[in-house]
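By convention in this document, chain letters (A, B, ...) are assigned in the order of the sequence lines, proteins followed by strands, and residues within each chain are numbered from 1.
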2 protein chains.
Amino acid sequence: MKRTRYKEIETLLKVKIQHGVLKVGDYLPSENELCTNFSITRTTVRKALDNLLKEGYIEKQHGKGSLVKERRHSLGLLNVKGFSEAVGMIVNTIFLQEPAKREWSTTTSFRPSENELKANNLHFERLRCVGDDPVMLENNWFADLELKNFIGQEFVEGSFFKTLSQRYLIEITGSEQELRAEYADERTAGYLKIEPGAPILHISVKFHTNKSNLNIYSELYCNTMKYPIGNSYHL
Amino acid sequence: MKRTRYKEIETLLKVKIQHGVLKVGDYLPSENELCTNFSITRTTVRKALDNLLKEGYIEKQHGKGSLVKERRHSLGLLNVKGFSEAVGMIVNTIFLQEPAKREWSTTTSFRPSENELKANNLHFERLRCVGDDPVMLENNWFADLELKNFIGQEFVEGSFFKTLSQRYLIEITGSEQELRAEYADERTAGYLKIEPGAPILHISVKFHTNKSNLNIYSELYCNTMKYPIGNSYHL
DNA sequence: AAAAATAACTTGTACGTACAAGTGGATGTT
DNA sequence: AACATCCACTTGTACGTACAAGTTATTTTT
């Protein structure tokens, strides 16, 4: 991934927030202070802050400053971030199917392109739990393009997206989603420990990446009884 | 609402896209062309394009240009925009309860602040249909602060948010959402024309506005069988 | 004919400047 | 004591410039 000045400051501040150096309610240094501290211009500082705003880390107040925001504790609706970043609780992950070459699923909401269908396909399935409670059944498909040694390797910090970013320089640039409330089928209900026929939230996602050939297709089945899916948006 | 140069161009381009003057796949004029056409700097043009990108109207290609994007036809998940803007189909709206002063609901996921609870509360309930199909039952609550003559007036173009913007200069600045799959209760099922107990998507939203006292609390119940809820996100 | 360099476009990053506008405390006036 | 003004801070908008970097067609070289 290309390194830029604004990304540097963005991640630097993000890490400080994540590690509690900057606590909820704290004001960040003013834009001018950040300018002098890091020897950059306000344009660049503001670009970094804009991104933090977009991701819900901070809140801006005209005339006052930028302060660290409370991020919601419910499972964040995965706009770009992965599951593990979005949750403020201990997440356990169980692989039901390890990454391997498999056929493209015929049941995804978003249809892969011709090129993707021609290529080999990688797939894996995981069960995500909060503590001991299974809350989400996750299936991922994507075309096998230049991802050397993907199969068999451990994920970086257990995160698929961190693995893509750090090992293959692949970044998520956007997503499309479709949400449905459905009856749980038997298999899904079994893994999520609910009765078959109970309502579950079905999320279909197509993630776009900086490699224009590569998209990631995810089908998520969530038990929202205990842990509703949440997200937030800021101008 | 304060008028700014970038907002001018943003809405101008948005209208052209919405009215089909700029079609899906068309390239917008280059940033430099927009600069000269509207006598503004590239900084301002880029700010406008950034907003269009964020709202999913366009897609940017480094070295090539910005082109109009296909917006998904499913009901857009209302991040900031209202229902009627987000749907590419004919939407009919039936008021089940006209706007009036009513008690705060006790069942909202997001709890109003003390100040809001002390104030009078306005409420209305609508049934949103695509053609003849009812797809969403919508309840809205908000504190009655300085909203003169809200009751009894027609909405601007049938849109609650447009009414807030144009008549009261109130703009949505962000939102928090919680999503749940639930069993439909009898009343909801009746209006949505589904069997009681069928799975429905329950969306709780707290909209933030530029008036710090004013938030809008919405509870949406969606029949996602025919029309899944969709949204998209772009970096 | 194929490959490499070039030129002319595009968007992306970053610099610097100026003033508008919101906030809150200090200061002065009534 | 209450109110108005001012000042020093903050973020918001908009100007202008420069160069990096991706894309594409043309030209030159091999």
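Counting only N and O atoms by type, the side chains of A:Glu176 and A:His208 include a donor and acceptor under 3.5 Å apart.
If you check every strand for non-hydrogen atoms under 4.0 Å, B:Ser30 touches sugar and phosphate atoms only. Within 4.0 Å (heavy atoms only), B:Thr43 reaches at least one base atom of the nucleic acid.
Nearest-nucleotide assignment on DNA chain C puts the 5′-proximal partner with B:Arg46, out of A:Thr44 and B:Arg46.
The closest donor-acceptor contact from the side chain of B:Asn139 to the backbone of B:Ser218 lies at 3.5 Å or more, if one exists at all. When atom types are taken as modelled, the side chain of B:Arg5 and the backbone of B:Phe38 share a donor-acceptor pair closer than 3.5 angstrom.
Classification of B:Glu59 and B:Lys69 as a salt-bridged pair fails, no side-chain N sitting under 4.0 Å from a carboxylate O.
By the ring-ring contact (aromatic ring centres under 6.0 Å, His included) test, A:Phe155 pairs with A:Phe95, A:Phe124, A:Phe150, A:Phe160, sequence neighbours left out. A search for salt bridge (charged side-chain N to carboxylate O under 4.0 Å, His left out) contacts involving B:Lys47 returns nothing, not counting sequence neighbours. Every ring-ring contact (aromatic ring centres under 6.0 Å, His included) that A:Tyr217 has, sequence neighbours left out, goes to A:Trp104.
In the 5' to 3' direction, nucleotides of DNA chain D lying under 4.0 Å from heavy atoms of chain A begin and end at D:dT10 to D:dT13.
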_Strand DNA chain C in bracket notation, Watson-Crick/G-U under 3.5 Å with | for pairs to another chain_ = ||||||||||||||||||||||||||||||
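Residue B:Ser109 is tested with B:His202, B:Lys206, B:Arg180 for a side chain to side chain donor-acceptor pair (under 3.5 Å); the sole match is B:Arg180.
Annotation for B:Lys16: atom NZ does not count as buried by contact number, only 12 or fewer foreign heavy atoms lying within 6.0 Å.
The stretch residues 59-68 of chain A touches DNA chain C through A:His62, A:Gly63, A:Lys64, each having a heavy atom within less than 4.0 Å of the strand.
In this structure, the separation between CD1 on B:Ile203 and CD1 on A:Ile229 is 12.0 Å, given to the nearest 0.5 Å.
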